Amino acid sequence: MNEIPKAYEPQSVEDKWYDFWLKQGCFTADPKSAKPAYSIVIPPPNVTGMLHMGHVLNNTIQDILSRKARMDGKEVLWLPGTDHAGIATQVMVEKQLKKEEKKSRHDLGREEFLKRVWAWKEKHGDIIINQLKKLGCSCDWTRERFTMDPEYSRCVQKVFVELYKKGLIYRGKRMVNWCPVSQTALSDEEVEMKPQKGFMYHFRVEAVEADGSPVKGVSGRPLTPALSPKGGEGEKSSAPSATDSSAANAASNVSKSAGASKASTASGPLSPIGGEGQGEGADERKGGPEIDSQGRIWLTIATTRPETIPGDTAVAVNPKDPRYAHLIGKHIVRPLPAELPREQKLIPIIGDEHVDFEFGTGVLKVTPAHDKADFDIGTRHKLPLIEVINADGTMNTLAGGPLAGLDRFKARKVAVEILTEQGVMIEAKPYENNVGFSQRADVPIEPRLSEQWFLKYPAVEQSKACVEQEGMGSAPAPGAGASALAGDSGRVTSFDAHGKSARLTATDGASVAAPEAGALPKMRFHPQRWAKVYDHWLTNIQDWCISRQLWWGHRIPVWSKKANEGDSGFTSLQNQLNAFKQNGSLIHMNLYTPHARNEGGTNVLKHDPQENYFVRLDVAVDPTEEKIISLLEQNGFTQDPDVLDTWFSSWLWPFATMGWPEQTETLKKFYPTTDLVTGPDIIFFWVARMIMAGYEFMGEKQFALPDAMPFQNVYFTGIIRDKQGRKMSKTLGNSPDPLVLIAQYGADALRFGTMRSAPLGQDVLFDEKDVELGRNFCNKLWNACRFRQMVGSADGQTEGEINPALLTSDDKWILVRLDLAIREVSEALNTYNFATAVQTLYRFFWSEYCDWYVEASKAAFFGSDDALMANKLAVIDFVLGNTIRLFHPFLPFITEELWHGMGYSKELPENLGGKTIMFAAWPKPFNAEEKEYFGLDDVADKIAAAKYELVGLGRNLRRELKLDPAKKLKFILKPAGELATAEVEVLKILLNAEAVGVVAQNWTPAKGTPSAANALGEIFLPLEGLIDIGAEKVRLTKEAEKIQSEISKVEQKLANPNFTTKVPPAVLAEHEQRLVEWRTKLAHTQSSLEVLG
RNA sequence: GCGCGCUUAGCUCAGUGGUAGAGCAUUACCUUCACACGGUAGGGGUCGCAGGUUCGAAACCUGCAGCGCGCACCA
């Protein structure tokens, strides 16, 4: 390492070492290795994705864990790959197609379109992979997987057929979350509830008998006034109301009854039905039937979606609601579509407990085809379904003339206009409610009845039980210290291959401590509070809608054919298929008869006119069974057009990437994986489902592995936000491009800065300043090594063994600090406290090693004692050698460069750091023997610490006396005890002094000489005649006051008998000691004051 | 509505009962021979509020407030 540049230049270093690591196969995991295994599977980024700060955080953590594990002597597999991101990828290619060729996917056809998607994937799919490489990720790229790989697809299909065979997958007509933009069903997890500003519309409907005649013998309160239609729009007033004379009459009655209501109020109000005897609240309660001047009864309905009125097939009231109960069984006249004859608009008033009579008017319009809750009501009451909204979100012809063809939101406005024209719209109150949005397309989803595939989740109970909940077991102290104390020599060049990591030991400990160890959880979440969220979701779990109306994805491996009554030709085919089954083919058949189907709690409709067939045979079969498929297709069977939810493939990720269903060497060695690192936002999407898949497909029955769990620890990262706390988003433009940052500051700087600001369990407020700090830090590290090269031999050879006899207090001090740093960093990593680890390293290296030790060492290097100098070099090499290794997981590139540049690799065996720092042993703290050998005791440590404190006091004097900092001054030191010459030399250097004169105890300074003192001694700044005695008096008086107040505080405590009798002895001793120290300081200050006169 | 988290220096955050901390920002000074991507010294806090426990509370308990997140949801 000759000719070292003054500043670290990451660009010239990073690619070089990454290529080296790749060529040397450093990332490749060997399942045959005798080393204990450590494994992580990457959360597969979308193949369409670009690296963002979230990836940086997540993958840096995984890389830190992987690199640390290698240094711990583990055989490490970090398995990378990407997922096919069904909707995102398809949408992206569709957009491109539209832009470049002005075609839709339908113009190309399914096969051709898929070719285009694959072509896109081949061209762009490795962008994010290459970005991860830039970040330094040590993934085993020889095992890179993609969820649409042929082998992976086989796993997905096999899993589908097996679950189908088990009866866990079924096809059903259900209300699903429909995205009108991507035109596919979505799972509940893909729907995001957002508050949305809109209106709560109140409109009035007439209650009638089943034959349409007015309801008799019912009273009501007078009509409240309705909104009047906008004037001057002649064409509108003629449109709906002209076709419905009763509505027109009602409209004309509004103004009359408004007047009438005044009159009736004067003579005594007409109470709502049942209003009496219900207490005051009942009268206050809104709603209740109203009566117009002609004696007709009206009900007011509240809705946010008036455009769905044409789809209403009932109105519901709570049977316990005294205002309305008596009207159950009557009908109402549905106001839309207005053009229908009155008799076709009669829908029943039904009673249903679901209706909350506190809410709205207590009258609920029921739209079974377009609302989940209404669908359930419809099922309970066998209501007909009227679908009025198309798949693309526009209204169909059943919605009525003015609405048909309009977008649902435009239709809402028009519906309001029509109701206003009719004179039945009472009010439109601004209203905010939560609306489900499609996560991908960011548009409101439309509840829609459609036939989809659903999965009843497997292994729910096991998955629930395996995750340790807060408070279930004590969190034992991590085993970092225990296992690490077994170190051998000062220069750590060997490792002991413990079978288990400290983390594992910790969890096992918890299991053993509690009774019935076998049944207890073995998986831990970090931070653990997420376990509760996980548990809550599993407790309220709903079946998973796994089908998507897309082309890009794993096509559902079900072939089916419908047949009419009498056409019973399935029997011989079923026999043929059964023969395949007997021979071991993965196939399962289901004969489905819609009109005779037992509903069994599911909402399958009978007598659906759209299902105009008698019987259907569904055959799920592994798509590699070509014979079976061609047999089916010859018989007129067609494959289901839908594909599977992308998560239905990624939930298999931990084992499908390792060669499942074969019992591969890789699975045996690396499954279950050790750690999973991911964001809490996909705890349901991915983490929970992987755990269930693990139990279902890796459990003992299916697969003879000791444990089915896919991972032992799950670390949840925070979410990266900008410095104002906003989520990173493309639209806000607040998401920096990590590659730009890498180019500008270096990958190590980006990693360091990100990790330093990422506390456990909290969101990360990212600021480019952090990366700058990372760069500065790398530069500091670089220059500290440069200093070592400049003061030492220039041939790149490291110095020899440390001679304990020559160690100064500074040497011992830094060795103790190093020991502490090793312990703290190891412990922090074992408990996933990455920010703490980074901060400890920062403190140790910058504030301790550079600020004090390196500065102090200059005394030796600028001195003339060759032996001392050589020993100091040995200490520096020892400390730097350990420091660089401690930094390696965080800063892989610069540490590798320095490892070789400093020559630390030279004496090591090739596989233990000789070739690369990646396999150098993780530093160990000193054991008792080593501490004794080096003489690392409290005394040496305290001498150095006192020395540095005294330096601080000396510098302080200089500043407070406003002396020219550039001027070299003479100090005088009166040591409290024996003090070696070398120590005085260090003081001289650190004080930037011309000289430090040592004087005897009986020496007295000239009057007014400023001084300071601590345990090491007293230091004077003799400046005859230069001192402003008045100012010095003020300074010392102020200081004395400050000290006095501290003394009072402690004295007060010690005077309290409650304190002295109850407090632990150690605390008492510490307080007494403190008091002595303060009193000594006070005495010194006072004597200085006296000297001033 | 239920659950979770947060509230400490201007900012971002450490701090699990015993002398209130770090980094950044800021102020003053310094290009002295590793580093100005640097050094030295400083200023800056009623630890959200109110009670309680304790000899002692930033920390533990209770309540409240504000902010954020998740789940559920009423038309």
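Residue numbers begin at 1 in each chain, while the letters A, B, ... track the order of the sequences. Predicted, not measured: the structure shown is a model, and the values here were computed from it.
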When you compare B:rC47 with B:rC4, how far apart are their P atoms, in angstrom units rounded to a whole number?
27 Å
Measure the distance from CG on A:Leu891 to P on B:rC37 and round it to the nearest whole Å.
19 Å
Checking N1-N3 plus N6-O4 or O6-N4 for Watson-Crick, or N1-O2 and O6-N3 for wobble, each under 3.5 Å, the partner of B:rA50 is B:rU62
Considering heavy-atom distances to RNA chain B, does A:Lys532 or A:Lys769 have its closest nucleotide positioned more toward the 5' end?
A:Lys532
Side-chain contact check for A:His536: nearest option of B:rA34, B:rG18, B:rC71 is B:rC71
Between B:rC71, B:rC13, B:rA34, which nucleotide gets closest to the side-chain atoms of A:Phe684?
B:rC71
Grab the CZ-P distance between A:Arg412 and B:rA75 for me, whole Å please.
11 Å
Would you say A:Arg529 places a side-chain N or O within less than 4.0 Å of OP1 or OP2 belonging to B:rG5?
no
For B:rG39 and A:Trp846 - does any side-chain N or O of the residue sit under 4.0 Å from the phosphate oxygens OP1/OP2?
yes
Look at the side chain of A:Lys780 against the base of B:rC35 and say whether a donor-acceptor pair falls under 3.5 Å; ignore hydrogens and angles.
yes
Mind checking A:Val366 for me? I need base, sugar-phosphate or nothing, with any heavy atom below 4.0 Å counting as a touch.
nothing
Across every strand shown, the nucleotide meeting Watson-Crick or G-U wobble geometry with B:rG44 (both distances under 3.5 Å) is none
Phosphate oxygens OP1/OP2 of B:rA75: is one of them under 4.0 Å from a side-chain N or O of A:Tyr431?
yes
What interatomic distance, in whole Å, is found between P of B:rA58 and the corresponding atom of B:rU12?
23 Å
Under 3.5 Å, is there a donor-acceptor pair between the A:Tyr745 and A:Glu768 side chains?
yes
Under 4.0 Å, counting only non-hydrogen atoms across every strand here, what does A:Glu772 touch: a base, just sugar-phosphate, or nothing?
nothing
Would the number of heavy atoms belonging to other residues, nucleotides or ligands and lying under 6.0 Å from CD of A:Gln542 be above 12?
no
Looking for any heavy atom pair under 4.0 Å, which part of the strands does A:Thr304 touch: base, sugar-phosphate only, or nothing?
sugar-phosphate
Could you check how far CZ of A:Phe716 sits from P of B:rC4, rounded to whole Å?
17 Å
Does A:Lys858 make a side-chain N or O approach to OP1 or OP2 of B:rA34 shorter than 4.0 Å?
yes
Quiz question: by atom type and distance under 3.5 Å, do the side chains of A:Asn956 and A:Arg959 form a donor-acceptor pair?
no
Residue list, ring-ring contact (aromatic ring centres under 6.0 Å, His included) with A:Phe766, at least two apart or on another chain
none
Comparing A:Val191 and A:Asn783 on RNA chain B - which has the more 5′ nearest nucleotide
A:Asn783
Touch class at under 4.0 angstrom, heavy-atom based, for A:Asn433 against every strand present:
sugar-phosphate
As its Watson-Crick or G-U partner within any shown strand, both distances under 3.5 Å, B:rU16 has none
Nearest-angstrom distance, P atom, B:rG5 to B:rG15:
15 Å
For B:rG38, give the paired nucleotide (Watson-Crick: N1-N3 plus N6-O4 or O6-N4; G-U: N1-O2 and O6-N3; both under 3.5 Å), or none.
B:rC30
Between P of B:rG39 and CG of A:Asn779, the distance in whole Å
10 Å
Using atom C1' in both nucleotides, what's the gap between B:rA57 and B:rU46 to the nearest angstrom?
14 Å
Can you find a heavy atom in the side chain of A:Leu364 that is under 4.5 Å from one in the side chain of A:Asp374?
yes
Looking at every strand, decide which applies to A:Met200 at a 4.0 Å heavy-atom threshold: base, sugar-phosphate, or nothing.
nothing
Find the distance A:Gln469:CD to B:rC4:P and express it as a whole number of Å.
12 Å
Could you tell me whether A:Val1050 contacts a base, only the sugar-phosphate backbone, or nothing, with contacts defined as non-hydrogen atoms closer than 4.0 Å?
nothing
When A:Lys1053, A:Glu1051, A:Lys1049 are each screened for side chain to side chain donor-acceptor pair (under 3.5 Å) with A:His1071, the one that passes is A:Lys1053
Separation of B:rG5 atom C1' from A:Asp763 atom CG, nearest Å, is 10 Å
Polar contact flag, side-chain donor to acceptor under 3.5 angstrom, A:Trp537-A:Glu189:
yes
What is the distance, rounded to the nearest whole Å, between atom CZ of A:Phe766 and atom C1' of B:rC11?
16 Å
Which whole number of Å gives the distance between the P atom of B:rG23 and that of B:rG38?
13 Å
Just call it for A:Leu773: base, sugar-phosphate, or nothing, with non-hydrogen atoms closer than 4.0 Å on any strand.
sugar-phosphate
Please classify the nucleic acid contact of A:Cys778 as base, sugar-phosphate, or nothing, using heavy-atom distances under 4.0 Å.
nothing
Separation between CD1 (A:Ile683) and CZ (A:Phe525), nearest 0.5 Å, reads 5.0 Å
Centroid separation under 6.0 Å, is that true for the rings of A:Phe834 and A:Tyr715?
yes
Mate of B:rG68 where both pairing distances stay under 3.5 Å, Watson-Crick or G-U:
B:rC4
Under-3.5 Å N/O pairs linking protein and nucleotides 40-44 of chain B:
{"from": "B:rU40", "atom 1": "O3'", "to": "A:Arg955", "atom 2": "NH1", "distance (Å)": "3.3"}
{"from": "B:rA41", "atom 1": "OP1", "to": "A:Arg955", "atom 2": "NH1", "distance (Å)": "3.3"}
{"from": "B:rA41", "atom 1": "O2'", "to": "A:Arg959", "atom 2": "NE", "distance (Å)": "2.7"}
{"from": "B:rG42", "atom 1": "OP1", "to": "A:Asn956", "atom 2": "ND2", "distance (Å)": "2.9"}

If you count every heavy atom of other residues, nucleotides or ligands that lies below 6.0 Å from A:Lys194 atom NZ, does the total exceed 12?
yes
Length of the CZ-C1' vector between A:Phe375 and B:rA75, whole Å:
18 Å
Which whole number of Å gives the distance between the P atom of B:rG48 and that of B:rC55?
24 Å
Is there any protein nitrogen or oxygen under 3.5 Å from a nitrogen or oxygen in nucleotides 51-57 of chain B, and what are the pairs?
{"from": "B:rC55", "atom 1": "OP1", "to": "A:Lys1062", "atom 2": "NZ", "distance (Å)": "2.0"}
{"from": "B:rC55", "atom 1": "O2'", "to": "A:Asn1056", "atom 2": "ND2", "distance (Å)": "3.0"}

Are any non-hydrogen side-chain atoms of A:Tyr534 and A:Val714 less than 4.5 angstrom apart?
no
Expressed as a whole number of Å, how far does the C1' atom of B:rA20 sit from that of B:rG3?
33 Å
A:Asn434 side chain near B:rA72 phosphate (N/O to OP1/OP2, under 4.0 Å)
no
Assign A:Leu364 to base, sugar-phosphate, or nothing according to its heavy-atom contacts below 4.0 angstrom with the strands shown.
base
Among A:Arg408, A:His370, A:Arg412, which residue meets the side chain to side chain donor-acceptor pair (under 3.5 Å) test with A:Glu307?
A:Arg412
Pairwise C1' distance for B:rC67 and B:rA34, with rounding to whole Å
46 Å
To the nearest 0.5 Å, what is the distance between NZ (A:Lys780) and CG (A:Leu773)?
12.5 Å
